[in-house]
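First comes the structure, then the notes that go with it.
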2 protein chains.
Amino acid sequence: MYVSYPDSSAGSVVSRPIGLPSEALTLENLFASQPTDKFAAGEGVFWEGDAACDLFQITEGCVRLYRILPDGRRAIMGFRFAGEMLGFSCQTNYSYSAEAVTPVRLRRLRRARIQAMVEGAEHLQPLLLTKIFEEMEAAQRHIIVLGQLGAEERMAHFLVSAVRRTGMDQKRPVAIDLPMTRQDIADYLGLTIETICRVISKFKRDGLIALEGRHRVVLRRMGALQELAGELDALGEPSEAQAGLKQAIAWSH
Amino acid sequence: MYVSYPDSSAGSVVSRPIGLPSEALTLENLFASQPTDKFAAGEGVFWEGDAACDLFQITEGCVRLYRILPDGRRAIMGFRFAGEMLGFSCQTNYSYSAEAVTPVRLRRLRRARIQAMVEGAEHLQPLLLTKIFEEMEAAQRHIIVLGQLGAEERMAHFLVSAVRRTGMDQKRPVAIDLPMTRQDIADYLGLTIETICRVISKFKRDGLIALEGRHRVVLRRMGALQELAGELDALGEPSEAQAGLKQAIAWSH
DNA sequence: GCCCGGTTGTAACGGATCGTAACAGAGATT
DNA sequence: AATCTCTGTTACGATCCGTTACAACCGGGC
């Protein structure tokens with residue numbers, strides 16, 4: 001059962017379930033009441049430089065975020081999977097383009113709408129800050145990966161990091177989907193596609209991983225991979241969301 | 001002439017000049033009323049993991065921000081020069097250490113104090129967001145430099161970027177100070193000290209730069225350097241502060 | 001001035017990564 | 001099933017950058 005509130009922006013309405021404490025007015029709940037858009041694999045969601053009017057939550061599929069350099073090189077800034085959000089760290093205009101890697105469903109929230117809601121629900125502000133801080137931490141980890149790690153270390157970090165995001169943890173025989181292409185991984189890790197392939201092959205030879213088709217990897221020796229990755233994730237990734245939230249609350253109140 | 005307000009945290013007070021329009025309550029003005037701390041070259045200001053209670057503005061000198069990896073490698077996340085601020089993108093705890101490169105003077109603001117002030121002066125919030133967005137943009141540029149550019153391109157970007165920060169622009173014979181060591185530059189650009197030296201020597205041979213002692217560089221052919229850097233800075237660096245401010249205002253109101 | 005230590009510069013070498021190209025495989029189309 | 005196309009894989013030579021070693025420079029202290 002839902003109730004509608006008039007929205008101060010553009011005459012649209014905002015719905016939320018009644019009977020829940022106002023603490024349940026989370027970003028997730030806000031997104032939940034939005035319709036879902038569909039994108040085919042390879043389709044663009046928005047482009048670098050577009051006015052950043054919307055925030056997004058991926059319902060299904062995988063999205064790549066990237067920038068194209070003047071000379072044509074592509075730098076992938078990150079990936080977003082089902083359940084994750086994007087757009088929070090952008091200013092007036094998106095600082096990267098977003099493209100569907102797989103078929104994607106997503107919900108979008110107008111910024112103007114969120115801004116209006118913050119007026120009446122102050123506890124929303126820290127939730128926004130949380131998201132920004134999370135993206136900042138991810139960017140800093142990325143900087144370290146690109147600046148300090150070798151090819152194998154980068155790949156190991158990428159795999160371990162992918163497992164972390166799925167929630168399942170530590171257990172030895174974990175299988176994950178890597179829906180993006182090798183080229184995507186290369187552009188994300190600052191390497192070439194051939195180096196990606198070579199490293200994957202080496203991991204396979206050494207028994208660290210096994211491949212089940214192109215886009216599915218079994219991580220057979222998580223310990224070894226984590227060691228290769230340099231325990232870099234241990235610095236704040238698991239409790240990231242909690243720490244971010246805690247801080248965001250401290251910030252705005 | 002100043003007036004004091006009770007501060008909700010720990011019995012301290014907040015001062016600001018009276019008689020000015022409230023728009024003059026900028027971060028700069030807040031810092032201006034703080035005493036300055038002194039640090040000798042090499043001295044630490046704070047350490048990664050410390051509770052992030054303070055924001056800082058450098059009054060004089062240069063500070064390096066870095067993280068130490070488990071295996072001892074050092075990743076320099078950035079430098080801060082006189083007039084610049086730091087600490088905004090950190091959560092409950094600092095995500096990097098800060099060390100004086102040269103003798104440094106800085107002013108510090110307690111976070112709790114700023115938070116309290118935001119209550120009574122809503123227009124402060126967008127100023128904080130601006131700073132966070134600026135650091136996010138810098139991080140994204142850094143990611144592209146480390147992931148996509150070669151050694152010469154990285155160095156060219158570093159030099160051009162340093163000129164941009166001083167304010168003076170485009171004019172051919174520009175001389176800048178690089179107070180940090182070659183090792184610092186190497187750890188910032190993800191290269192070794194020898195590669196830094198090689199590239200600097202090559203730039204000198206090719207007439208792109210001239211050296212006046214170790215820590216002073218004359219950029220003789222800015223055009224060539226900018227071209228090498230891949231016009232990467234053109235993507236938002238000059239108007240960064242304005243765009244950030246504009247967005248931050250939109251965000252919080 | 002002189003010494004001394006740390007920083008910086010130079011060179012030679014080796015290894016990691018890149019670029020090209022040829023091939024293999026999977027999925028789509030006919 | 002046959003073909004086509006795109007992606008992925010492997011091999012090999014080229015290049016870039018890291019490693020090692022050592023010399024030169026600079027600044028501070030005596």
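- In the helix from dG1(C)-dC30(D) to dT30(C)-dA1(D), the end axes, each obtained as the rotation axis mapping the C1' atoms of four pairs onto the next four within a five-pair block, lie 40° apart to the nearest 10 degrees.
- With sequence neighbours left out, the side chain to side chain donor-acceptor pair (under 3.5 Å) criterion links Thr59(A) to no other residue.
- If you walk DNA chain C from 5' to 3' and mark each nucleotide with an atom closer than 4.0 Å to a heavy atom of chain A, the marks span dT17(C) to dA26(C).
- No donor-acceptor pair under 3.5 Å is formed between the side chain of Asp54(A) and the backbone N or O of Phe56(A).
- Checking side-chain atoms of Arg154(B) against main-chain N and O of Leu146(B) turns up a donor-acceptor pair under 3.5 Å.
- The closest side-chain heavy-atom distance from Phe158(B) to Leu178(B) is below 4.5 Å.
- The environment of Glu28(A) atom CD is dense: over 12 non-hydrogen atoms of other residues, nucleotides or ligands sit within 6.0 angstrom.
- Looking only at distances, no side-chain donor or acceptor of Arg105(B) sits under 3.5 Å from a matching main-chain atom of Thr36(B).
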Could you walk me through whether Gln91(B) and Glu137(A) satisfy the side-chain hydrogen bond (donor to acceptor under 3.5 Å, both in side chains) test, starting with their C-alpha distance in whole Å, then the side-chain angles of each, then the deciding distance to 0.1 Å, before giving a yes or no?
CA-CA 9 Å; Gln91(B) 318 187 135; Glu137(A) 285 201 4; 2.7 Å; yes
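- Residue pairs meeting the salt bridge (Lys or Arg N to Asp or Glu O under 4.0 Å) criterion with at least one partner in residues 175-192 of chain A, sequence neighbours excluded, are Arg64(A)-Asp184(A), Arg74(A)-Asp184(A), Arg74(A)-Asp187(A), Asp177(A)-Arg216(A).
- A search for ring-ring contact (aromatic ring centres under 6.0 Å, His included) contacts involving Tyr96(B) returns nothing, not counting sequence neighbours.
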Protein proximity profile, nucleotides 6-25 of chain D - base contact B, sugar-phosphate-only contact S, no contact -, cut-off 4.0 Å on heavy atoms:
-BSBBBB----SBBB----B
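- Between Phe39(B) and Glu99(B) the shortest side-chain heavy-atom distance does not fall below 4.5 Å.
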